[in-house]
Amino acid sequence: MALCPKCSNGVKLPWHSYLSGLPHHLTCPFCKSRLERTTSGSAVVLGSLVMLLPLLHPLNWVIQRAAIIVIAALFCAALVQIIRPKLKLRTKLPEPDVFLKI
């Protein structure tokens with residue numbers, strides 16, 4: 001559940017919007033404001049997990065344990081960003097300067 005930036009009430013999100021990177025247009029059921037999801041850095045965090053995998057080399061157990069702890073912390077941070085997305089107020093698109101008459 002995310003919080004509305006205007007009235008600070010909880011807004012339920014559809015289940016398919018948690019892993020989607022696309023903006024979903026929502027409305028707050030309390031104040032009827034138009035909302036959309038902000039972009040999160042969860043893709044960057046999950047991408048950095050892939051770069052840490054070579055540190056799991058079995059020769060040095062200290063580096064291996066440290067890499068496991070960092071990977072677990074980054075995974076938890078990405079999970080929080082996916083499950084608790086932030087919402088912002090949706091603005092209208094500007095009117096175009098040139099209209100095509102086809």
Side-chain angles (χ1 to χ4, degrees):
M1 188 177 289
L3 294 177
C4 175
K6 192 171 184 181
C7 65
S8 299
N9 287 321
V11 177
K12 291 185 179 180
L13 298 175
W15 63 270
H16 57 82
S17 70
Y18 286 124
L19 294 176
S20 174
L22 300 173
H24 291 280
H25 300 297
L26 306 164
T27 56
C28 178
F30 302 103
C31 64
K32 304 297 183 205
S33 61
R34 299 165 13 138
L35 305 171
E36 68 181 357
R37 289 180 49 189
T38 59
T39 57
S40 66
S42 60
V44 174
V45 172
L46 291 175
S48 64
L49 289 176
V50 175
M51 291 189 284
L52 288 174
L53 289 178
L55 292 178
L56 295 177
H57 195 272
L59 292 179
N60 194 346
W61 64 273
V62 175
I63 295 175
Q64 185 179 14
R65 295 295 189 315
I68 290 173
I69 291 171
V70 170
I71 287 172
L74 286 175
F75 182 76
C76 290
L79 193 63
V80 167
Q81 288 180 357
I82 289 171
I83 293 178
R84 294 275 183 175
K86 293 182 180 175
L87 298 175
K88 65 179 180 179
L89 294 173
R90 193 170 17 149
T91 58
K92 286 187 175 181
L93 293 174
E95 293 292 326
D97 293 335
V98 178
F99 291 101
L100 297 176
K101 295 180 182 178
I102 300 177

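- Residue Leu100 shares its hydrophobic cluster (ILVMFWY side chains chained together at separations under 4.5 Å) with Ile102.
- Checked against salt bridge (Lys or Arg N to Asp or Glu O under 4.0 Å), Lys88 has the following partners two or more places apart in sequence or in another chain: Glu36.
- Using a 4.5 Å cut-off between side-chain heavy atoms of Ile, Leu, Val, Met, Phe, Trp and Tyr, Trp61 falls into a hydrophobic cluster with Val62.
- Heavy-atom neighbours of Phe30 CZ from other residues, nucleotides or ligands within 6.0 Å: above the threshold of 12.
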If you look only at distance, which donor and acceptor atoms sit under 3.5 Å apart when one is on a side chain in residues 89-96 and the other is two or more places apart or in another chain?
unit_1, atom_1, unit_2, atom_2, d
Arg90, NE, His25, ND1, 3.4
Arg90, NH1, His25, ND1, 3.4

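- Phe99 belongs to no hydrophobic cluster, as no Ile, Leu, Val, Met, Phe, Trp or Tyr side chain comes under 4.5 Å of its own.
- In this structure, CD1 in Ile68 is found 7.0 Å from CD1 in Ile71, a value given to the nearest 0.5 Å.
- Screening Leu35, Leu87, Thr27 for a side-chain contact (heavy atoms from CB on, under 4.5 Å) with Cys4, the sole residue that qualifies is Leu35.
- Listed by chain and residue number, nothing satisfies the side-chain contact (heavy atoms from CB on, under 4.5 Å) test with Cys76 (two or more places apart in sequence, or in another chain).
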